[in-house]
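See structure below.
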Amino acid sequence: SSSSSSSSSSAGGSSSGGDGAASVASALKRRTGKKRSRPERKKAVRATAGGGRAAMYRPYGSAIEALRAYHSVHGDLVIPRRFVVPGSEEYPEEWHGIDLSSSVYDMRWWQLHVRSNADRVAELNSLGFVWERLQPEWNLVLEALVAYSMKCGHVLVPSSFVVPRGDDETWPRATWGIRLGSCVHRMRIRHDFLRGPTAASRKAQLDGLGFVWDVNERAFLRTYRALKHFRRMERRGAAAASSSSSRGGSDGAAAARRYKALRVPSTFVVPEGEERGWPEDLWGLPLGAKCSAIRHKGLYVKNQPDRQRALEELGFQWSGNATLGWLQVVHAAAVFSRLHGRTLDVPINFVVPAPPTHRAPDEQESDGGVDHRVTGTEDAWPWPEQLWGFPLGQRLKDVRLKGAYLTGDAASSRRAQLDALGFNWTPKRGRRRRP
DNA sequence: AAATGTAAGTTGTGGGCGCT
DNA sequence: AGCGCCCACAACTTACATTT
């Protein structure tokens, strides 16, 4: 409803003067009413627009007078879009209440009054008439977007952004005052400017600027990339910590890598700074909070099974970090149980072993013990990589003695899980019999 | 073979720190 | 605030090795 010029009416050009004056008069009369309710106000605006159309056929003399008045008050002719001439003395009375910019920055007005009259062109030039404003609004919006892209490096325009006035070359004069943020929003939501036969080419133009059609999608991809990066760094850290193994990716290791649970602390924020190895556009992203929102509010993933699957493939845990510890305990316990004839009697100091990769020089080679190296394809190491170093004995001790992991609703089912693995709740004290 | 010493492993307690 | 995770230490229990 913004551009009055686009709404074509059947008002014939023949009976211009009289009808125009009458409609202006009626518009004026309507406007004198007191407070208006919302819908009424809309009607009023439309009435002004009608006035604007009528204004087109007003004599050029009064138009230039109105423009002069505007110039003397504001110092230029960069008239805000939808500028309604106030009812003050400077302006000719017949322009009071009329949308000046829509009337004058209109191709048809130009054709009607100016085109074939060099004097008038010069006259308008001297006032600083912004000829570019005669273009379709789309051209100006696009121009503003290009300028925005040059300045900010992207076209994610905040919805409240309005092209500022300013004489530094950044913003072409014709684009001043465009509510660019709102335009962008409307293009996304309502496809404003993007209907009809020109839609395809306009969309292509926007794509060339890197226009973001789906903000949600973009935000998701950002989080997704951050998670991916987090996983990669976590793995690198783990590799450095275990100080071992330049072993390439065997199948087992690859599988373990794929299913390793992602554990992002809820307070984690992507660190800023070049040397940390994070892509710059991710700096400051509150990744931990995002994960919580994904879990608890379905952020990005509500009705988006593809995204859910993508996250799962990264090892994202829907259960949250709290239950992650327990999952590790059961996992390790299950392996232990399988290795010990369905019993779970774990020495308190037991730590899930990593496969020995090379024989240490001082290692005592006891009585021809079996070499447990994983070098062979057969006899794969029973412990998955993500459990190496996991202090299962300690954890189960906490379970027995402090009831760790056994609070809340899940307690009974967890107890049952442990029972199923043959958990010994009251192990014998003292030294164990040597095997 | 019984007595004794020692090492290995436990329970029990307690607390610090960080995450949720 | 409460829990998860980790650490430390004392006290205790038991298996094994050694001595008597």
Side-chain angles (χ1 to χ4, degrees), chain A residues 223 226-227 230-231 233-234 237-238 240-243 260-271 284-301 311 314-337 339-341 343-354 363-364 366-367 369 383-419 421-435:
Chain A
T223 303
L227 281 173
F230 185 93
R231 189 179 65 146
M233 305 211 60
E234 196 180 47
S242 70
S243 80
K260 162 138 179 126
L262 257 192
R263 186 168 212 161
V264 184
S266 66
T267 53
F268 179 79
V269 175
V270 172
L285 180 72
L287 190 58
K290 292 291 177 204
C291 289
S292 295
I294 290 171
R295 279 194 279 265
H296 298 125
K297 296 190 214 157
L299 177 70
Y300 305 140
V301 296
L311 290 178
L314 288 184
F316 185 84
Q317 298 301 114
W318 300 99
S319 52
N321 292 344
T323 49
L324 223 54
W326 167 251
L327 293 179
Q328 263 188 308
V329 170
V330 216
H331 189 180
V335 175
F336 190 100
S337 172
L339 294 177
H340 293 82
T343 62
L344 190 54
D345 194 2
V346 186
I348 202 164
N349 290 334
F350 177 81
V351 171
V352 172
E363 189 178 346
Q364 79 280 25
S366 59
D367 58 315
W383 298 98
E385 182 175 355
Q386 74 261 26
L387 291 177
W388 297 350
F390 182 72
L392 182 62
Q394 179 75 241
R395 295 287 188 282
L396 290 178
K397 178 210 122 187
D398 279 347
V399 170
R400 284 199 306 270
L401 270 64
K402 300 187 183 177
Y405 308 105
L406 298 179
T407 57
D409 299 339
S412 58
S413 78
R414 290 181 176 181
R415 254 185 259 273
Q417 272 181 286
L418 288 172
D419 282 337
L421 295 174
F423 187 51
N424 184 358
W425 291 88
T426 54
K428 267 206 324 190
R429 289 174 149 241
R431 186 173 173 168
R432 282 160 193 253
R433 226 171 266 281
R434 268 222 290 267

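Naming: A, B, ... by sequence-line order, numbering from 1 per chain.
- Rounded to whole angstrom, the span from the CZ atom of A:Arg400 across to the P atom of B:dG9 amounts to 14 Å.
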Which pairs, protein N/O on one side and nucleotides 11-14 of chain C N/O on the other, fall under 3.5 Å?
| residue | atom | partner | partner atom | Å |
| --- | --- | --- | --- | --- |
| C:dT14 | O2 | A:Arg431 | N | 3.4 |

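- Atoms CG (A:Leu401) and P (B:dG12) sit 5 Å apart, rounded to a whole Å.
- Residues A:Ile294 and A:Phe316 are in side-chain contact: their nearest non-hydrogen atoms beyond the backbone lie under 4.5 Å apart.
- When the C1' atom of C:dC5 is taken as reference, atom CG of A:Leu406 falls 15 Å away, rounded to whole Å.
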Can you check side chain to side chain contact (heavy atoms under 4.5 Å, CB included) on A:Val399 and A:Leu406, steps first, answer last? CA-CA 7 Å; A:Val399 170; A:Leu406 298 179; 3.8 Å; yes
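- Atom-to-atom, CZ of A:Phe390 to C1' of C:dC5 comes out at 10 Å; the value is rounded to the nearest Å.
- Side-chain contact between A:Leu421 and A:Phe336: absent, with no pair of heavy atoms (C-beta onward) separated by less than 4.5 Å.
- Between the P atom of B:dG9 and the CD atom of A:Gln394 lies a distance of 15 Å, rounded to the nearest Å.
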Determine, step by step, whether A:Leu396 and A:Leu344 satisfy the side chain to side chain contact (heavy atoms under 4.5 Å, CB included) criterion, reporting the C-alpha distance in whole Å, the side-chain angles of both residues, the deciding distance to 0.1 Å, and the verdict. CA-CA 10 Å; A:Leu396 290 178; A:Leu344 190 54; 4.2 Å; yes
Can you give me the N/O atom pairs linking the protein to nucleotides 14-20 of chain B at distances under 3.5 Å, or say none if there are none?
| residue | atom | partner | partner atom | Å |
| --- | --- | --- | --- | --- |
| B:dG14 | O6 | A:Lys402 | NZ | 3.0 |
| B:dG15 | O6 | A:Lys402 | NZ | 3.1 |
| B:dT20 | OP1 | A:Asn321 | ND2 | 2.4 |
| B:dT20 | OP2 | A:Ser266 | N | 2.5 |
| B:dT20 | OP2 | A:Ser266 | OG | 2.3 |

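- Separating the CH2 atom of A:Trp425 from the P atom of B:dT11 is a distance of 13 Å, rounded to the nearest angstrom.
- Looking at A:Pro427 and A:Ile348, their side chains never come closer than 4.5 Å, going by heavy atoms from C-beta outward.
- Put simply, CH2 on A:Trp326 and CD on A:Gln417 are 5.5 Å apart, with the number rounded to the nearest 0.5 Å.
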Dot-bracket for DNA chain C, please, read 5' to 3', with Watson-Crick or G-U wobble pairs under 3.5 Å on both distances, ( ) within the strand, [ ] crossing, | other strand, . unpaired. ||||||||||||||||||||
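- Counting heavy atoms from C-beta outward, A:Trp425 and A:Leu418 have side chains that approach closer than 4.5 Å.
- Checking the phosphate oxygens (OP1, OP2) of C:dC5, a side-chain nitrogen or oxygen of A:Arg263 falls inside 4.0 Å.
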Take A:Leu311 and A:Trp318, measure what side chain to side chain contact (heavy atoms under 4.5 Å, CB included) needs, and give me the verdict at the end. CA-CA 9 Å; A:Leu311 290 178; A:Trp318 300 99; 4.2 Å; yes
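- A:Leu227 contributes atom CG, which lies 4.5 Å from atom CG of A:Leu287 (distance to the nearest 0.5 angstrom).
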Pair A:Val329-A:Arg414, side chain to side chain contact (heavy atoms under 4.5 Å, CB included): steps then yes or no: CA-CA 11 Å; A:Val329 170; A:Arg414 290 181 176 181; over 6 Å; no
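- Atom pair A:Tyr405:OH and C:dC3:P shows a separation of 14 Å (rounding to whole Å applied).
- Between A:Asp345 and A:His340, the closest side-chain pair of non-hydrogen atoms is not below 4.5 Å.
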